[in-house]
Number of protein chains: 2
Amino acid sequence: MSTAPDLLFRTLADPTRRAIFERLCREGEQTVGALTAQSGVSQPAVSKHLGALKQAGLVRDRHEGRQTHYSAQPGALNPLVDWTSQMAGFWQNRLDALDDLLKRMDQ
Amino acid sequence: MSTAPDLLFRTLADPTRRAIFERLCREGEQTVGALTAQSGVSQPAVSKHLGALKQAGLVRDRHEGRQTHYSAQPGALNPLVDWTSQMAGFWQNRLDALDDLLKRMDQ
DNA sequence: TTAATCCATAACCTGATAGTTATGGATTTC
DNA sequence: GAAATCCATAACTATCAGGTTATGGATTAA
């Protein structure tokens with residue numbers, strides 16, 4: 001089940017891809033052309049990144065005539081949030097255990 | 001300053017490296033040998049991963065005789081938490097804006 | 001002192017991937 | 001219908017990163 005964060009981390013690791021996702025989060029739905037215009041890479045590169053983002057469930061696409069609109073998919077980041085809080089939780093648990101141990105030694 | 005999540009995402013994108021970090025979070029401080037024993041890769045590979053994790057601020061090392069103990073560094077995940085909540089925040093803002101717009105149209 | 005253990009670094013190999021150009025299908029515009 | 005626009009896919013290239021083996025320095029054990 002820990003396979004969910006894996007795809008998310010891999011997908012968001014690339015800077016230009018993450019920049020595209022960030023822009024969709026900030027400004028909402030965008031066409032491929034609009035995203036390409038300020039991405040610094042070619043249109044096919046953007047299309048590939050969008051494909052990767054879509055496969056990771058981070059974006060949705062909507063076809064309208066000859067253009068495709070992409071939008072960030074809310075909730076797709078949830079496994080990431082879960083993972084981080086889980087890691088923080090483990091750390092907290094060990095702190096608590098240490099605390100207990102010290103208390104027992106103190107008596 | 002948005003360079004902080006970049007290193008974190010890149011560092012955590014690799015599965016075996018993330019597994020090492022997870023184990024340090026779950027079980028606390030470990031020697032390189034212990035980490036190697038269940039990593040499925042060679043000791044030099046583990047050392048390199050630990051170096052990457054250290055450079056990202058995700059782990060600390062402590063030398064004791066001829067062995068090195070590594071431990072997860074709490075708080076190193078904070079930029080990740082910030083980034084995700086920021087993305088979620090953007091999305092929420094746009095929802096609010098849409099809500100406002102609909103309310104204004106309704107009148 | 002010698003031998004063995006632990007770890008880090010170097011050197012090298014290989015596969016994955018992000019980038020490119022070329023192309024074509026679908027749609028709109030003239 | 002013809003031309004132009006938008007986007008996706010194919011094919012190729014080059015870079016990078018994760019893996020390996022080899023090695024050596026530092027420390028502990030015999």
Side-chain angles (χ1 to χ4, degrees), chain A residues 2-24 27-73, chain B residues 2-24 27-73:
Chain A
S2 186
T3 182
D6 189 84
L7 185 57
L8 283 182
F9 274 118
R10 269 209 327 261
T11 305
L12 293 172
D14 182 76
T16 67
R17 187 158 53 222
R18 197 173 58 256
I20 291 174
F21 177 70
E22 288 180 8
R23 181 156 192 231
L24 289 176
E27 310 178 12
E29 197 180 66
Q30 306 269 336
T31 68
V32 177
L35 291 170
T36 300
Q38 58 93 56
S39 66
V41 295
S42 65
Q43 173 266 312
V46 172
S47 276
K48 278 210 290 187
H49 283 308
L50 288 169
L53 289 169
K54 181 179 172 183
Q55 194 168 1
L58 286 163
V59 301
R60 272 170 24 93
D61 59 346
R62 179 175 69 82
H63 299 279
E64 180 179 332
R66 66 186 167 189
Q67 47 193 2
T68 311
H69 299 259
Y70 282 88
S71 55
Q73 190 71 349
Chain B
S2 186
T3 181
D6 189 84
L7 185 56
L8 283 181
F9 273 119
R10 270 210 325 262
T11 304
L12 292 171
D14 182 75
T16 68
R17 186 158 53 223
R18 197 172 59 254
I20 291 176
F21 177 71
E22 289 181 8
R23 183 158 189 227
L24 289 175
E27 309 177 13
E29 197 181 65
Q30 306 267 337
T31 68
V32 176
L35 290 170
T36 301
Q38 56 94 56
S39 67
V41 296
S42 66
Q43 173 265 313
V46 172
S47 277
K48 277 210 290 186
H49 283 308
L50 288 170
L53 288 169
K54 182 179 172 183
Q55 195 168 0
L58 286 163
V59 301
R60 274 170 23 94
D61 58 347
R62 178 175 69 82
H63 298 279
E64 179 180 332
R66 66 185 167 190
Q67 47 193 2
T68 311
H69 299 259
Y70 282 87
S71 55
Q73 190 70 347

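To find a chain, count down the sequence lines: A is the first, B the second, and so on, and within it residues start at 1.
The distance between atom CG of B:Leu50 and atom P of D:dG18, rounded to the nearest whole Å, is 13 Å. As a whole-Å value, the separation of B:His49 NE2 from D:dA17 P is 12 Å. Distance, B:Glu64 CD to D:dA26 C1': 15 Å, rounded to whole Å. To the nearest angstrom, C1' of D:dA4 lies 14 Å from CD of A:Gln67.
Closest contact between the side chain of B:Arg66 and the listed nucleotides D:dA11, D:dA26, D:dG18 involves D:dA26. Looking at the side chain of B:Pro44, the nearest of the listed nucleotides D:dT21, D:dT5, D:dG18 is D:dT21.
A:Gln30 CD to A:His69 NE2: the interatomic distance, rounded to the nearest 0.5 Å, is 10.0 Å.
Applying the salt bridge (charged side-chain N to carboxylate O under 4.0 Å, His left out) test to every pair with at least one member in residues 37-60 of chain B, sequence neighbours left out, gives these pairs: B:Lys54-B:Asp61.
Across all strands, A:Thr16 comes closer than 4.0 Å only to sugar-phosphate atoms, never to a base (heavy-atom distances). B:Gln43 comes within contact range of at least one nucleobase, with a heavy-atom separation under 4.0 Å. Nucleic acid contact class of A:Thr36 (heavy atoms, under 4.0 Å, all strands): none. Across all strands, A:Thr68 comes closer than 4.0 Å only to sugar-phosphate atoms, never to a base (heavy-atom distances).
Residues A:Ser42 and A:Arg10 both approach DNA chain C. Their nearest nucleotides, taken by heavy-atom distance, put A:Arg10 toward the 5′ side. Between B:Ala45 and A:Asp14, it is B:Ala45 whose nearest contact on DNA chain C lies nearer the 5' terminus.
Shown here for A:Ala52 and A:Thr11, the closest heavy-atom pair between the two residues is O-CG2, 4.0 Å. Nearest approach of B:Arg23 to B:Leu35, heavy atoms of both residues: NH1-CA, 3.8 Å.
Heavy-atom contacts of chain B under 4.0 Å fall on DNA chain C between two terminal nucleotides, which in 5' to 3' order are C:dA4 to C:dT9.
Remark: the backbone N or O of A:Leu12 is not paired with any side-chain donor or acceptor of A:Arg17 at under 3.5 angstrom.
Contact check on B:Arg10 versus A:Asp14 returns no salt bridge, with no Lys/Arg side-chain nitrogen under 4.0 Å from an Asp/Glu carboxylate oxygen.
Residues that satisfy the ring pair (Phe, Tyr, Trp, His ring centres under 6.0 Å) test with B:Phe21, not counting sequence neighbours, are absent from this structure.
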